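Some notes on the structure that comes next.
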Amino acid sequence: MKRKLLANKIALVSCFDINWISHVVTPLVENGAHVILITDVPRLSFSNQIDANLLKFITPIILDSHDLTQLDKTLKEFLSSHPQIDIQLNAPIPVLNRNYLDTTSGDVINLFQHYLGFIFAIIRATGEVMLANRSGRIINIVSGLGRRGLPGTVAYSASQAAILGLTRSLGLEWAPFNINVNAIGIGWLASEQNPTSDFDSITKFIPLRSIGHPDDIQGLLLYLLSPFSTYITGSCINVDGGLISHA
Amino acid sequence: MMFNGEQNETPQALDGLEGKVAIVTGGGTGLGRSIALSLAAYGTNVIIAGRRTTTLKEVELASVALPGRISLYQADISDPSQVKQLIEYTLQQYSVIDVLFNNAGLIGEIHGVPLWEMSDELWQKAVNVNLSGPFYCARTVSRHMVNRGMGKIINVSSVYGLRGGKDNFAYTITKGGVIQLTRSLAVSLGRYGITSNCIVPGFIPTEGTHDVRSGMPNTKFIPLNRAGTPDEIGQLGCFLASSNSDYITGELFPIDGGSLAGGFAPTGYNPGGHT
């Protein structure tokens with residue numbers, strides 16, 4: 001029997017958007033990884049979106065996404081007994097559609113302190129394990145708004161650009177330790193969990209003339225976790241139907 | 001088991017390569033050779049095009065045990081009439097062309113030439129091979145791909161297509177053009193189901209870079225502290241040719257050991273940083 005791509009790999013995944021959980025966890029588990037899922041989504045809410053046969057390969061850690069202290073404590077306890085983390089994947093943080101003048105301090109704190117704070121803390125904690133093992137892959141999934149602008153998304157765009165800056169600099173900082181840090185950029189998406197019908201007006205601006213689906217990232221995700229992509233680090237590659245190529 | 005450096009690891013399962021037909025220009029040596037052999041290992045039938053039949057024949061021979069068939073066609077892709085013949089020959093052989101790899105390019109003789117010493121002939125040769133060649137190939141195959149409503153065009157540029165290079169005018173300018181060719185192909189042909197992407201290699205030693213090795217970076221200035229290998233480009237080529245990458249188009253794939261992430265400080269060295 002052919003060995004699976006991610007056999008014996010441990011992946012720590014952060015995902016705070018119920019629309020993404022099954023799409024980021026399933027390809028990892030299907031390819032042989034065991035997933036530690038850090039989320040603020042109740043287990044009952046996402047477990048019915050995932051094949052029942054795969055659930056046993058997922059260990060959820062349910063946290064309040066506003067409580068960094070709890071995160072630090074939980075990660076410390078968990079990682080002290082789990083000395084192997086091969087993959088650390090951060091799913092997109094929930095989108096904030098809000099005009100600039102309507103964006104409150106609370107919104108900014110939520111984006112930059114809570115969600116980005118969580119990602120920074122998770123990477124730092126798992127990075128210590130990867131640095132000790134001198135091996136690892138870190139992948140951040142970010143919106144294409146990290147590279148281009150869009151009215152009504154000022155704070156969110158800035159948060160995505162922040163993750164891209166982290167990706168580039170951390171890619172360089174941890175390159176000597178065989179840790180690859182990359183990002184996957186996404187464009188306009190619709191899914192079963194998040195169906196949207198008002199995309200007709202923008203489809204004509206997407207070169208492939210179709211809205212993407214969260215599963216479209218799976219091929220690139222697995223390539224970036226394969227043994228043949230170890231020479232790629234600090235990069236962001238978009239899966240967006242060509243949207244960014246004429247942005 | 002760790003990720004890096006082991007030879008016996010499982011490759012990614014790629015769909016939609018078996019039985020497909022690809023053209024790889026410059027398929028006799030270096031990155032093109034690796035792309036062709038990697039595709040054939042997945043069962044893709046490949047026409048390798050180039051000027052030198054000796055090296056092309058060696059790749060043909062190296063592929064005999066692979067599930068995909070590699071066959072050569074002698075052509076200079078800087079000549080539009082020869083490009084036309086290459087496309088016609090491939091269609092005669094296989095009836096379809098699923099993937100075009102624009103890989104052929106000049107590097108050695110155009111590297112390290114001061115501006116005032118760059119002859120008209122050498123400049124024109126660089127533009128013809130590195131930029132007009134990929135344009136001719138894409139133009140000629142596009143009608144067929146548009147009629148089928150599918151196809152993948154994969155260009156090979158360089159990190160020098162995204163940054164300046166000292167005394168490296170012809171290479172940087174033509175490789176920058178290849179990146180813009182990629183984007184405009186994506187924007188123009190996406191509506192017909194055709195994708196176009198670009199491999200952006202960093203330092204990958206090959207026969208072609210042998211003459212300019214002295215001008216290449218010491219690997220200690222590459223963040224991952226090593227040169228890349230043609231095999232890594234071959235596998236990336238397979239991913240881009242496969243259906244696993246169907247929603248990706250107009251995109252650049254730097255495979256450079258982290259060099260571009262540092263922007264104007266390609267070494268990634270921070271004098272004020274940690275040791």
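So that the names make sense, note that chain A is the first sequence line, chain B the second, and so on, each numbered from 1. Every value quoted in this text rests on a predicted model; they were computed, and no experiment measured them.
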Of all the heavy-atom pairs spanning [X] and [Y], show the shortest one and how long it is.
X: B/Gln12; Y: A/Ser226; answer: CB-CB, 4.2 Å
X: B/Pro223; Y: A/Ala175; answer: O-CB, 3.2 Å
X: B/Ala186; Y: A/Ser245; answer: CB-OG, 4.2 Å

Please state whether the side chain, the backbone, both or neither of [X] comes within less than 4.5 Å of a heavy atom of chain A.
X: B/Leu14; result: neither
X: B/Asp256; result: both
X: B/Glu251; result: side chain

Residue among [options] with most heavy-atom pairs under 4.5 Å to chain B:
options: A/Ser235, A/Gly241, A/Gly234; value: A/Gly241
options: A/Ile237, A/Asn31, A/Asp216; value: A/Ile237
options: A/Ile232, A/Asn238, A/Asn182; value: A/Asn238
options: A/Leu220, A/Thr167, A/Ile217, A/Val181; value: A/Leu220

Rounded to the nearest 0.5 Å, how far does [atom2] of [Y] lie from [atom1] of [X]?
X: A/Cys236; Y: B/Leu252; atom1: SG; atom2: CG; answer: 10.5 Å
X: B/Thr249; Y: A/Ile206; atom1: OG1; atom2: CD1; answer: 12.0 Å
X: A/Leu208; Y: B/Tyr192; atom1: CG; atom2: OH; answer: 13.5 Å
X: A/Phe228; Y: B/Thr229; atom1: CZ; atom2: OG1; answer: 8.5 Å
X: B/Glu232; Y: A/Tyr231; atom1: CD; atom2: OH; answer: 8.0 Å
X: A/Thr233; Y: B/Leu260; atom1: OG1; atom2: CG; answer: 12.0 Å

Determine whether B/Arg226 and A/Thr230 make a side-chain contact, defined as any pair of heavy atoms from C-beta on separated by less than 4.5 Å.
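Of all side-chain heavy-atom pairs linking A/Thr230 with B/Arg226, at least one is under 4.5 Å.
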Close side-chain approach of A/Asn180 to B/Leu224, heavy-atom, < 4.5 Å:
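Result yes, sub-4.5 Å side-chain heavy-atom pair found.
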With a 4.5 angstrom heavy-atom cut-off, which part of A/Leu164 approaches chain B: side chain, backbone, both or neither?
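A/Leu164 has no heavy atom closer than 4.5 Å to chain B.
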Examine whether an atom of A/Ser210 lies under 4.5 Å from a heavy atom of chain B, and if so say whether it belongs to the side chain, the backbone or both; otherwise answer neither.
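When you check distances to chain B, atoms from both the backbone and side chain of A/Ser210 fall under 4.5 Å.
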Determine which residues belonging to residues 233-246 of chain B lie within contact range of chain A, meaning some heavy atom pair is under 4.5 Å apart, and list them by number or answer 'none'.
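B/Gln235, B/Leu236, B/Phe239, B/Asn244, B/Asp246 fall under the 4.5 Å cut-off.
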